[in-house]
Amino acid sequence: MRIASWNVNSIRARVDYVVSWASASEIDVLLLQETKCGDVDFPFDAFAAAGYTVAHHGLDHYNGVAIASRVGIDRIHPGFTGPQRPPFDEPRLLAAECAGVRVWSVYVPNGRSLDDPHYRYKLVWLERLRAELAATDATERRTVVAGDFNVAPADIDIYDPKRWRHKTHASAEERAGIGHLLDLGLRDVIREHHPGPGVFTWWNYRPGQFEQNRGLRIDLALCCPAIADVITGVHIDRAARAHERPSDHAPVVLELTL
DNA sequence: ATGCCTTATTTCATAAGA
């Protein structure tokens with residue numbers, strides 16, 4: 001079974017490539033972030049033509065998350081449990097069950113800068129995600145929580161840590177937010193399978209950044225122990241980032257044997 | 001010190017991303 005996660009930076013801008021990539025890569029379950037469209041504008045037909053059923057949670061041209069599956073999908077749950085006051089009602093979280101695995105597509109708020117109100121929002125959002133996962137016994141059942149977490153968990157996840165020392169994505173508070181998710185018992189399987197430096201999932205669009213591998217590892221796949229134990233490979237598909245008119249994120253592919 | 005690029009919509013400008 002293959003489960004992938006990809007921040008596509010607008011699904012409508014590159015739906016043909018995303019669907020063809022998923023088919024060619026034999027992805028069974030694809031978690032998408034930043035679809036940047038409302039439900040009525042999501043290109044369901046293009047996915048259906050390739051055999052994927054899609055659950056989408058989007059509102060307008062910001063945020064938006066989806067789960068595309070060719071192995072069935074049910075128990076779809078958008079957002080946090082219960083009514084949410086703005087901005088916690090932004091479409092950034094979607095859970096569903098696919099072939100016996102509970103999958104979560106996650107798009108953590110950016111934070112913008114350490115002195116911006118969005119930074120505090122980001123920290124609270126991460127804590128709410130922790131509470132949501134704890135309430136659903138995420139570590140007790142087959143669970144994959146993947147997406148764009150907008151946090152580089154450690155200095156090794158940044159091409160130039162000094163440059164990011166006082167910026168969002170690298171602060172101790174944000175890293176603690178990720179740490180609390182791991183404290184639940186979830187495991188960072190990208191890092192487990194790729195312990196060395198230079199392992200990134202995002203590169204700035206500016207010229208040369210990708211070519212020189214000046215990136216960040218901010219897309220994560222956090223798995224319960226039962227899933228983490230049966231993962232046979234983790235692949236960050238840099239070819240997709242090298243494609244014409246790409247997303248600024250590369251897809252992360254998990255190969256597992258259930 | 002700042003912009004570089006890309007997306008979308010309120011388009012020849014702005015907000016947001018990370």
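Naming convention: chains lettered A, B, ... in sequence-line order (proteins, then strands); numbering from 1 in each chain.
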Asker: Closest approach to the side chain of A:Y205, judged atom by atom: which nucleotide of B:dT7, B:dA18, B:dT6 is it?
Answerer: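 The answer is B:dT6.
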
Asker: I'd like the P distance from B:dC12 over to B:dG17, given in whole Å.
Answerer: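 Result for the P pair: 23 Å, nearest Å.
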
Asker: Could you please spell out the steps behind the salt bridge (Lys or Arg N to Asp or Glu O under 4.0 Å) verdict for A:R206 and A:D248?
Answerer: CA-CA 10 Å; A:R206 291 177 294 190; A:D248 45 357; over 6 Å; no

Asker: What is the distance from CG of A:N7 to P of B:dA8, rounded to the nearest Å?
Answerer: 13 Å

Asker: Would you classify A:E34 as touching base, sugar-phosphate or nothing, given that sugar-phosphate means primed atoms plus P, OP1 and OP2, and contacts are heavy atoms under 4.0 Å?
Answerer: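 A:E34: backbone/sugar contact only, no base atoms under 4.0 Å.
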
Asker: Please determine whether a side-chain nitrogen or oxygen atom of A:R112 lies at a distance below 4.0 Å from atom OP1 or OP2 of B:dA16.
Answerer: yes

Asker: In whole angstrom, give me the gap between the P atoms of B:dA1 and B:dT14.
Answerer: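 So the two P atoms sit 25 Å from each other.
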
Asker: Please report the distance separating the P of B:dT11 from the corresponding atom of B:dT6, rounded so that it comes out in whole Å.
Answerer: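 It comes out at 22 Å once rounded to the nearest Å.
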
Asker: Could you state the CG-C1' distance from A:D160 to B:dA18, rounded to the nearest angstrom?
Answerer: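 Rounding to the nearest Å, CG of A:D160 and C1' of B:dA18 are 15 Å apart.
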
Asker: Checking contacts here: which listed nucleotide (B:dA16, B:dC5, B:dA8) is nearest the side-chain heavy atoms of A:Y62?
Answerer: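 Closest nucleotide to the A:Y62 side chain: B:dA16.
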
Asker: Expressed as a whole number of Å, how far does the P atom of B:dA13 sit from that of B:dT2?
Answerer: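 Between the two P atoms, the distance is 22 Å.
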
Asker: With a 4.0 Å cut-off on heavy atoms, is A:D148 in touch with a base, just the backbone sugar-phosphate, or nothing at all?
Answerer: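 Contact class for A:D148: sugar-phosphate only.
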
Asker: By nearest heavy atom, map A:Y107 and A:R206 onto DNA chain B; which one lands nearer the 5' end?
Answerer: A:R206

Asker: Does one hydrophobic cluster hold both A:V144 and A:V29, with members joined at side-chain heavy-atom distances below 4.5 Å?
Answerer: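 Hydrophobic grouping puts A:V144 with A:V29.
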
Asker: Tell me: CZ of A:F200 to P of B:dA18, nearest whole Å?
Answerer: 17 Å

Asker: Output the rounded distance in Å from CD (A:Q33) to P (B:dT6).
Answerer: 21 Å

Asker: Roughly how many Å is it from CZ in A:R163 to P in B:dT2, rounded to a whole number?
Answerer: 12 Å

Asker: Choose from B:dC4, B:dT7, B:dA18 the nucleotide whose nearest atom is closest to any side-chain atom of A:P207.
Answerer: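 Looking only at heavy atoms from C-beta outward on A:P207, the closest nucleotide is B:dC4.
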
Asker: What's the verdict on salt bridge (Lys or Arg N to Asp or Glu O under 4.0 Å) for A:D229 and A:R187, showing C-alpha distance, side-chain angles and the deciding distance?
Answerer: CA-CA 10 Å; A:D229 284 343; A:R187 286 160 53 181; 3.0 Å; yes

Asker: Using atom P of each nucleotide, how far apart are B:dG3 and B:dA8 to the nearest Å?
Answerer: 23 Å

Asker: Please confirm whether the shortest side-chain N or O distance from A:R12 to OP1 or OP2 of B:dT9 is below 4.0 Å.
Answerer: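 For A:R12, the contact criterion (side-chain N or O under 4.0 Å from OP1 or OP2 of B:dT9) is met.
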
Asker: Taking atom C1' in both B:dT10 and B:dA16, what distance in whole Å separates the two?
Answerer: 14 Å

Asker: Tell me the interatomic distance from A:E244, atom CD, to B:dC5, atom C1', rounded to whole angstroms.
Answerer: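 Value for this atom pair: 15 Å.
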
Asker: Thinking salt bridges, do A:R165 and A:D160 make one under a 4.0 Å N-O criterion?
Answerer: no

Asker: What about A:N110, does its side chain sit under 3.5 Å from the base of B:dA18 through a donor-acceptor pair?
Answerer: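 Yes, the side chain and the base share a sub-3.5 Å donor-acceptor pair.
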
Asker: Have a look at A:D116 and say if it touches a base, only the backbone sugar-phosphate, or nothing, with a 4.0 Å heavy-atom cut-off.
Answerer: nothing

Asker: Can you see if the side chain of A:H249 gets near the phosphate of B:dG17 - specifically, an N or O under 4.0 Å from OP1 or OP2?
Answerer: no

Asker: Is any side-chain nitrogen or oxygen of A:T168 closer than 4.0 Å to OP1 or OP2 of B:dA18?
Answerer: no

Asker: Return the nearest nucleotide to the side chain of A:R14; candidates are B:dT6, B:dT9, B:dG17.
Answerer: B:dT6

Asker: Would you kindly give the CZ-to-C1' distance between A:F149 and B:dA18, to the nearest whole Å?
Answerer: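 Spelled out: CZ on A:F149 to C1' on B:dA18 is 16 Å.
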
Asker: Under a single-linkage definition using a 4.5 Å side-chain heavy-atom cutoff for Ile, Leu, Val, Met, Phe, Trp and Tyr, are A:I156 and A:V234 assigned to the same hydrophobic cluster?
Answerer: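 Per the 4.5 Å side-chain linkage, A:I156 and A:V234 are not co-clustered.
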
Asker: Assess whether a salt bridge exists between A:D28 and A:R70, defined as any Lys/Arg side-chain N lying under 4.0 Å from an Asp/Glu carboxylate O.
Answerer: yes

Asker: Parallel, tilted or perpendicular for A:H243 and A:Y17, by the 30°/60° rule?
Answerer: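 A:H243 vs A:Y17 ring planes: parallel.
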
Asker: Can you measure A:K167 atom NZ to B:dG17 atom P for me and round it to whole angstrom units?
Answerer: 15 Å

Asker: Toward the 5' end of DNA chain B, which comes first, A:N9 or A:V108, by nearest nucleotide?
Answerer: A:N9

